[in-house]
Visitor: 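Take a look at the following structure, please.
Chain naming here is simple, since letters A, B, ... match the order of the sequence lines and numbering starts at 1 in each. Below, all heavy atoms of this structure are taken into account, side chains as well, without hydrogens, waters or symmetry copies.
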There are 2 protein chains.
Amino acid sequence: MSFLKVEQPQSFKDHAYNEIKKGIIQHKVEPGSMLYERSLSESLGISRTPLKLALQQLELEGWIQSIPRKGIVVQTINRQDVDEIFQLRKANEVLAIELLIPLLNDETIEKIEKMDNQLSDIKKDPIKFMYADSAFHLFLAELSQNHRLYQLIQNLTDHVNWYGFVALKAGKNLDEVSYEHRLIIEGLKARNLRQTTDAVLNHLDISHRTIITNLKE
Amino acid sequence: MSFLKVEQPQSFKDHAYNEIKKGIIQHKVEPGSMLYERSLSESLGISRTPLKLALQQLELEGWIQSIPRKGIVVQTINRQDVDEIFQLRKANEVLAIELLIPLLNDETIEKIEKMDNQLSDIKKDPIKFMYADSAFHLFLAELSQNHRLYQLIQNLTDHVNWYGFVALKAGKNLDEVSYEHRLIIEGLKARNLRQTTDAVLNHLDISHRTIITNLKE
DNA sequence: AGTTGGTATCTGGTATACCAGATACCAATA
DNA sequence: TATTGGTATCTGGTATACCAGATACCAACT
């Protein structure tokens with residue numbers, strides 16, 4: 001009966017992890033604000049044990065910082081953080097391109113284009129657009145066939161979404177992003193490593209600069 | 001009284017994390033073998049709650065895999081894993097070099113050389129040599145001034161130590177490693193990015209090949 | 001003998017109780 | 001009035017009890 005798509009019931013820990021992370025990315029809890037295990041467990045309707053696991057994962061991934069006997073503080077965002085994330089993102093997304101280009105075939109290129117087209121369809125909703133843009137980058141990461149690289153890029157794009165969320169709500173260069181994606185796809189079609197990495201680096205540079213200029217101290 | 005070096009008492013969770021990880025890296029528990037929360041908590045003398053936190057961190061970092069209601073399995077090592085780790089290591093150690101070269105001054109270069117000399121002094125003990133080699137790479141990562149990059153490289157070198165531990169015990173090319181390090185240091189002294197990254201990539205390539213050839217299926 | 005089904009006993013997931021450190025507040029003191 | 005010190009009450013850290021799913025085993029049945 002393997003054709004039946006079984007909906008995996010996520011554990012309490014995963015549920016808490018997703019909920020809290022979503023709240024942080026969407027600035028429903030602001031950087032620097034405090035959280036407390038007991039109140040969190042109450043509002044999520046779970047006990048502290050699975051919650052602690054979710055909180056530890058969030059801490060290891062750089063979203064929060066647990067201070068024993070004080071509470072949990074949502075990480076603040078500063079210029080240094082943004083720069084670190086983009087340094088990592090550039091190096092590792094370029095690596096993904098290097099790995100996936102030799103693996104490309106016409107079918108996967110078609111999938112990539114389809115994905116980008118879906119992205120154009122939802123320009124109206126900035127939040128959905130943000131997630132779809134991430135999905136585009138993650139799809140490329142997935143094609144690299146390096147699972148650890150995929151997870152790393154996932155975490156990095158999540159952080160970028162967090163950093164840029166406010167600027168994004170202000171209504172931004174969504175057309176510009178589409179154009180930059182087209183340049184990447186053209187590079188992939190040509191199986192041209194240099195052309196593609198240049199397009200990716202350009203894309204990331206623009207994103208980096210946009211976020212820096214929207215950083216309010 | 002800040003001149004007093006306060007010994008931070010590590011939490012039960014950190015203690016468990018370090019002990020279990022050390023056991024895995026040094027193959028005191030073999031890849032594929034099973035662990036169980038209750039027996040582990042008993043042998044470590046702690047309860048399951050902090051142990052669960054340690055186990056989750058180990059799982060997120062790729063050392064073990066927790067299977068609900070079955071147990072915990074120590075990750076197996078295959079060719080794909082080794083390749084993934086080295087792909088990441090090459091890209092990110094090169095990034096570290098790119099970042100640190102503009103920050104170099106004579107004093108830090110002196111420190112790097114001193115570190116490498118200490119490494120030569122302990123060629124007799126392969127395990128100590130392994131950790132000292134990692135410390136050399138980690139020191140370079142630290143100089144990049146990107147903390148997330150440092151943590152990433154830390155995890156990657158730990159995994160490489162795990163993969164290579166058996167081959168290392170067999171007594172390996174310790175002189176060769178010293179020579180490769182000298183090439184890296186010379187590149188740094190010359191502030192030559194290309195020369196240094198070539199030396200690093202060469203160093204990692206040799207390490208990669210050595211581990212692959214010692215991989216027994 | 002082969003099959004079945006109940007049960008004892010594993011497992012990790014979860015809830016909860018208790019601990020010690022940190023803190024805020026307020027009464028007692030100089 | 002300013003300061004001190006005890007206490008009530010926060011916090012995260014830890015230990016433990018209980019739950020349901022998974023499994024192995026053995027007796028009962030065909």
Side-chain angles (χ1 to χ4, degrees), chain A residues 1-2 4-21 23-24 29-76, chain B residues 1-2 4-21 23-24 29-76:
Chain A
M1 302 259 243
S2 66
L4 281 175
K5 182 94 174 210
V6 176
E7 194 62 33
Q8 183 83 346
Q10 64 179 351
S11 65
F12 288 15
K13 174 220 139 190
D14 289 336
H15 173 71
Y17 170 83
N18 289 323
E19 285 299 306
I20 299 170
K21 187 163 119 180
I24 294 175
V29 285
E30 287 300 321
S33 55
M34 298 295 291
L35 301 175
Y36 304 99
E37 289 190 357
R38 281 172 179 79
S39 18
L40 262 179
S41 75
E42 198 174 342
S43 58
L44 288 167
I46 63 173
S47 78
R48 285 174 61 207
T49 311
L51 175 62
K52 284 177 86 67
L53 292 169
L55 291 173
Q56 178 184 247
Q57 183 169 353
L58 291 166
E59 180 169 17
L60 291 172
E61 293 175 356
W63 300 98
I64 61 176
Q65 186 180 353
S66 172
I67 303 172
R69 283 161 209 99
K70 287 286 188 66
I72 297 133
V73 51
V74 179
Q75 286 286 15
T76 53
Chain B
M1 300 260 246
S2 68
L4 282 175
K5 182 93 171 212
V6 177
E7 194 63 34
Q8 184 83 347
Q10 63 179 352
S11 63
F12 288 14
K13 174 219 140 190
D14 288 336
H15 172 71
Y17 169 83
N18 288 324
E19 285 298 307
I20 299 170
K21 186 164 120 180
I24 293 175
V29 284
E30 288 300 322
S33 56
M34 299 294 292
L35 302 174
Y36 303 98
E37 287 191 359
R38 281 171 178 80
S39 18
L40 263 179
S41 75
E42 198 174 343
S43 57
L44 288 167
I46 63 174
S47 78
R48 285 173 62 206
T49 311
L51 175 61
K52 284 177 86 67
L53 291 169
L55 290 174
Q56 179 185 244
Q57 184 170 351
L58 291 167
E59 180 168 18
L60 291 172
E61 293 175 357
W63 301 98
I64 60 176
Q65 185 179 354
S66 173
I67 302 172
R69 284 160 208 99
K70 286 285 188 69
I72 297 133
V73 50
V74 178
Q75 286 286 16
T76 53

Visitor: Whole Å only: how far is the CZ atom of Arg38(A) from the P atom of dA15(C)?
Guide: 15 Å
Visitor: Test Ile20(B) against every option in Leu44(B), Ile72(B), Val29(B) by the side chain to side chain contact (heavy atoms under 4.5 Å, CB included) rule and name the one that passes.
Guide: Leu44(B)
Visitor: For a quick test of reading the model, state the closest non-hydrogen atom pair linking Glu37(A) to Leu51(A) and the distance between them.
Guide: O-CD2, 3.2 Å
Visitor: What is the distance, rounded to the nearest whole Å, between atom CD of Glu37(A) and atom P of dT16(C)?
Guide: 15 Å
Visitor: Do you know which two heavy atoms are closest between Lys70(B) and Tyr36(B), and how far apart they sit?
Guide: O-CE2, 3.5 Å
Visitor: I need the residues from residues 44-53 of chain A with at least one non-hydrogen atom less than 4.0 Å from DNA chain C; give them sorted by number, or say none.
Guide: Ile46(A), Ser47(A), Arg48(A), Thr49(A), Pro50(A)
Visitor: Mind calculating the distance between CD (Gln56(B)) and P (dG13(D)) to the nearest angstrom?
Guide: 14 Å
Visitor: Could you please spell out the steps behind the side-chain contact (heavy atoms from CB on, under 4.5 Å) verdict for Leu58(B) and Tyr17(B)?
Guide: CA-CA 7 Å; Leu58(B) 291 167; Tyr17(B) 169 83; 3.5 Å; yes
Visitor: Atom NZ of Lys52(B) and atom CD of Glu59(B): how far apart are they, to the nearest 0.5 Å?
Guide: 10.5 Å
Visitor: Could you list the protein-to-nucleotides 21-25 of chain D atom pairs, N/O on both sides, closer than 3.5 Å?
Guide:
{"residue": "dG21(D)", "atom": "O4'", "partner": "Arg69(B)", "partner atom": "NE", "Å": "3.4"}
{"residue": "dT23(D)", "atom": "OP1", "partner": "Lys70(B)", "partner atom": "NZ", "Å": "3.2"}

Visitor: Between Tyr36(B) (OH) and dG13(C) (P), how many Å, whole number?
Guide: 14 Å
Visitor: Suppose we screen for salt bridge (charged side-chain N to carboxylate O under 4.0 Å, His left out). Which residues come up paired with Lys13(B), at least two apart in sequence or across chains?
Guide: none
